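We use all heavy atoms of the structure for the numbers below, so side chains are in, but hydrogens, waters and symmetry mates are not. Chain naming here is simple, since letters A, B, ... match the order of the sequence lines and numbering starts at 1 in each. Everything numeric here is computed off the predicted structure, so don't read it as measured data.
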There are 4 protein chains.
Amino acid sequence: MADETNEAFASKQAVLEAAHHLIRQHGYAGLSMRELARASGLAKGTIYHHFQDKRDIYLHVLERDIQIVCQHVATAAASSEHWKEQLRAIVRAYFQLQRERCVLILASLREAVGMEQQLCQLVRQYRKELLKPIAQVLERGMAQGEVRPIHVEMAVLSLVGMLHSFVLHHMILQELEVDEEAIIDHTLQLFLYGIAQNSTSNGTNLPASSGQSVVDQHP
Amino acid sequence: MADETNEAFASKQAVLEAAHHLIRQHGYAGLSMRELARASGLAKGTIYHHFQDKRDIYLHVLERDIQIVCQHVATAAASSEHWKEQLRAIVRAYFQLQRERCVLILASLREAVGMEQQLCQLVRQYRKELLKPIAQVLERGMAQGEVRPIHVEMAVLSLVGMLHSFVLHHMILQELEVDEEAIIDHTLQLFLYGIAQNSTSNGTNLPASSGQSVVDQHP
Amino acid sequence: MADETNEAFASKQAVLEAAHHLIRQHGYAGLSMRELARASGLAKGTIYHHFQDKRDIYLHVLERDIQIVCQHVATAAASSEHWKEQLRAIVRAYFQLQRERCVLILASLREAVGMEQQLCQLVRQYRKELLKPIAQVLERGMAQGEVRPIHVEMAVLSLVGMLHSFVLHHMILQELEVDEEAIIDHTLQLFLYGIAQNSTSNGTNLPASSGQSVVDQHP
Amino acid sequence: MADETNEAFASKQAVLEAAHHLIRQHGYAGLSMRELARASGLAKGTIYHHFQDKRDIYLHVLERDIQIVCQHVATAAASSEHWKEQLRAIVRAYFQLQRERCVLILASLREAVGMEQQLCQLVRQYRKELLKPIAQVLERGMAQGEVRPIHVEMAVLSLVGMLHSFVLHHMILQELEVDEEAIIDHTLQLFLYGIAQNSTSNGTNLPASSGQSVVDQHP
DNA sequence: AATGAATGAGTCTTCATTCAT
DNA sequence: CATGAATGAAGACTCATTCAT
């Protein structure tokens, strides 16, 4: 790691970056070493100089993606002191990252036969490193008495799921006119207050979005 | 179409069923026609007698899955008259179906190159036929004044996303001891009331799950 | 043969006609029974009801083609009493047939592995039945003293070869504006002047060239 | 192109040579990549390392054949100064080449679906590079007053056609006892007397087509 | 560090052919 | 006479991977 040439490191990064995009488009099974070579600008042999396997590449791509997301989320969490604003910043960061880089770990995981062990470990790491910060924010909210006692892990999972839903749908339907802020608002509001009528949405600094003016209206 | 022999129909169904499981495990690109032949009990050639392509098979599998889910969700929606109970029934049906049959359409969609058109259409159909019933339930709740005015479509998408999150995580981590009811309770409660402290969880017939005793506690 | 149903005969003919065109386009190896079924309007199984093999079909197509050509050539030969006019009629008939029906026997013959025996026999039949009439015309010309003593079979072969050359070239280059009459005129003239008695065969048995008068000209 | 390894070049040549023979025997559609691999001594994958397609291989084989024939014909044309002897040398070279290497371009061309464009171009090249030298010889004869004014291109086409006829027939009938010289003599004699100036075109009822106004004139 | 030639098992798909109906 | 479901070998082509240079 430490004694890597600069060129060697650059080549590795080129491979990982190209692999990321290819996996994102075609999945793991659909990733071709030939295409990867072409996309990364290296010869096929050279790739095997830097990585053991296709498997190895996949694992490294996932790890790199996790790190990137973690970094962004951590940065977002540190952007404010109030837990609600932290949450909003995290949600925004996560949503944007998913749209731009499309972290693969939750999407094309199933098709990895023969590396369930490593993947499982990666997912645990993901859970720990990525979901933990969000969980901590919620726990802070709980500590401040503004969040009712809930199962934090499940809540975080739910929150992330909501976001994924939008990312996926809009990725597939190619509707580019996504109102990002609207989605973030909706998600946060729903997460914080649910849909019940009498959830007294008192004194929050949330935009009083009535939920009407969002995204694509199909009347 | 209508004048299909019974045997021909049975063969087709066998292929679709086997394909469903294989795609679920290995994704679309990872689906091997050789394995499909072995799993379905037919010869390779016979499969091509019933379907045009691997693509064709994939599309039919997706369509079939959508129909199955729609059917179950519709049945669930008809099981009660109160919108909250309808919602709970739908959520349970959807969650169970996802775990058992694992509808593929939202999971392994990206790796489908060359059939974006058809997939897009399928997703729209999925949206219409599957998400509509859920939306109607919410609208009924709104009509009864028990649901605040929200963007219904987005809410439904969010709800479904929460469920997917759990399905995915537990599928990957292979933690079989999932407390299904706990997840359903959590999801419904979160969806209905959010996490805010002062969301007065008034006289609903929801199990007064304090959120503490759920799932697997990792201390 | 004699106790064939009308429908059966029609089916057979349909297969042969379709096969003719397909073989002409794709050759013998490129003839697909599936396509043949589709083109002939019969089911695959039905074809095997009428013919033993793909091989069998090919052989029948060739035989049928030979018969058709023979018939036309015979008719042409009977159209006149003068051998030169007979020859012209034959040449025209042969040329037109080749362009329209494109007799296969001399074109895609090589790729028939495993039926060399039968093909050889067919070619002999072709030679006998088709080239014989032309030979007879030449022999009549010789008998009348208007054709010098040549090797008749070779001459016929040469004549046919000239025609094929044009057919092939124009078929490939797709130059549709072929002046058919011009080609026939050219061929007949070249052929006739070559064999005419009174082509003053000035005692040279060929390359006894009068090389004296060679003046090196720039092209 | 120019910076090819020797080994790579050797492999390519091996493939082309093997492909030539296989295509000659079985035609294009009948050429099996598996057999080609076995015949060329390379693995299937290796062939695809050097060539894009089966199509690509075919095209290269044709091009190579054309070059070989052109080379031989050019050499033959340069062997003498007298046009008749040049013609004889060319005819002999062409005939021998056809029997030994069996240039494919005029034989198995029809079964090439999807590459009509390239084939058409190849045929034009063939025409230009191969038929041109022969045409020039004839033109020299005309310039010397020993050849009557004929349509040169058509004459060349006819000459080549005569030769093909013999090649084909003897190839099919496997009659190995071909008297090569006899065929060459016959062909030259037939052709020469056909075009000789002093073939007193007396009282024939042939249309006095001067041979000028034919087909497509490429001046 | 980097290359590209080489490999053979693998891919999806089509093949000619059979047979119960 | 006709069908279409069924087959397994073969089709062209790609795969991930190795290795001498």
Only pairs under 3.5 Å count here: list side-chain donor-acceptor contacts from residues 40-47 of chain C, not counting sequence neighbours, and write none if there are none.
| residue | atom | partner | partner atom | Å |
| --- | --- | --- | --- | --- |
| C:Ser40 | OG | C:Leu36 | O | 2.8 |
| C:Ser40 | OG | C:Ala37 | O | 3.3 |

Salt bridge (charged side-chain N to carboxylate O under 4.0 Å, His left out) partners of D:Lys12, counting only residues at least two apart: D:Glu4
With C:Asp56 via side chain to side chain contact (heavy atoms under 4.5 Å, CB included) - residues at least two apart: C:Phe51, C:Gln52, C:Asp53, C:His60
Phosphate contact (F:dA2 OP1 or OP2) by C:Ser11 side-chain N/O below 4.0 Å: yes
Gap between atoms NZ and P, on B:Lys12 and F:dA5 respectively (whole Å): 9 Å
Please list each protein N or O that sits under 3.5 Å from an N or O in nucleotides 10-13 of chain E, with the distance.
| residue | atom | partner | partner atom | Å |
| --- | --- | --- | --- | --- |
| E:dG10 | O6 | D:Lys44 | NZ | 3.0 |
| E:dT11 | OP1 | B:Ser32 | OG | 3.3 |
| E:dC12 | OP1 | B:Leu31 | O | 2.5 |
| E:dC12 | OP1 | B:Lys54 | NZ | 3.2 |
| E:dC12 | OP2 | B:Met33 | N | 2.8 |
| E:dT13 | OP1 | B:Asp53 | OD2 | 2.9 |
| E:dT13 | OP2 | B:Tyr48 | OH | 2.5 |
| E:dT13 | OP2 | B:Lys54 | N | 2.9 |
| E:dT13 | O5' | B:Tyr48 | OH | 3.2 |

Distance in angstrom units between A:Arg38 CZ and F:dA16 P, rounded: 13 Å
side-chain N/O A:His49 vs E:dA1 OP1/OP2, d < 4.0 Å: yes
Flag side-chain contact, heavy atom, 4.5 Å: B:Leu62 against B:Gln118: no
Residues forming a salt bridge (charged side-chain N to carboxylate O under 4.0 Å, His left out) with D:Glu17, sequence neighbours excluded: D:Arg64, D:Arg101
Aromatic D:Tyr28 / basic D:Lys54 pairing, under 6.0 angstrom, 45° off normal: yes
Consecutive-pair stems (at least three Watson-Crick or G-U pairs, under 3.5 Å) that include DNA chain F: E:2-21 with F:2-21
D:His50 side chain near E:dA6 phosphate (N/O to OP1/OP2, under 4.0 Å): yes
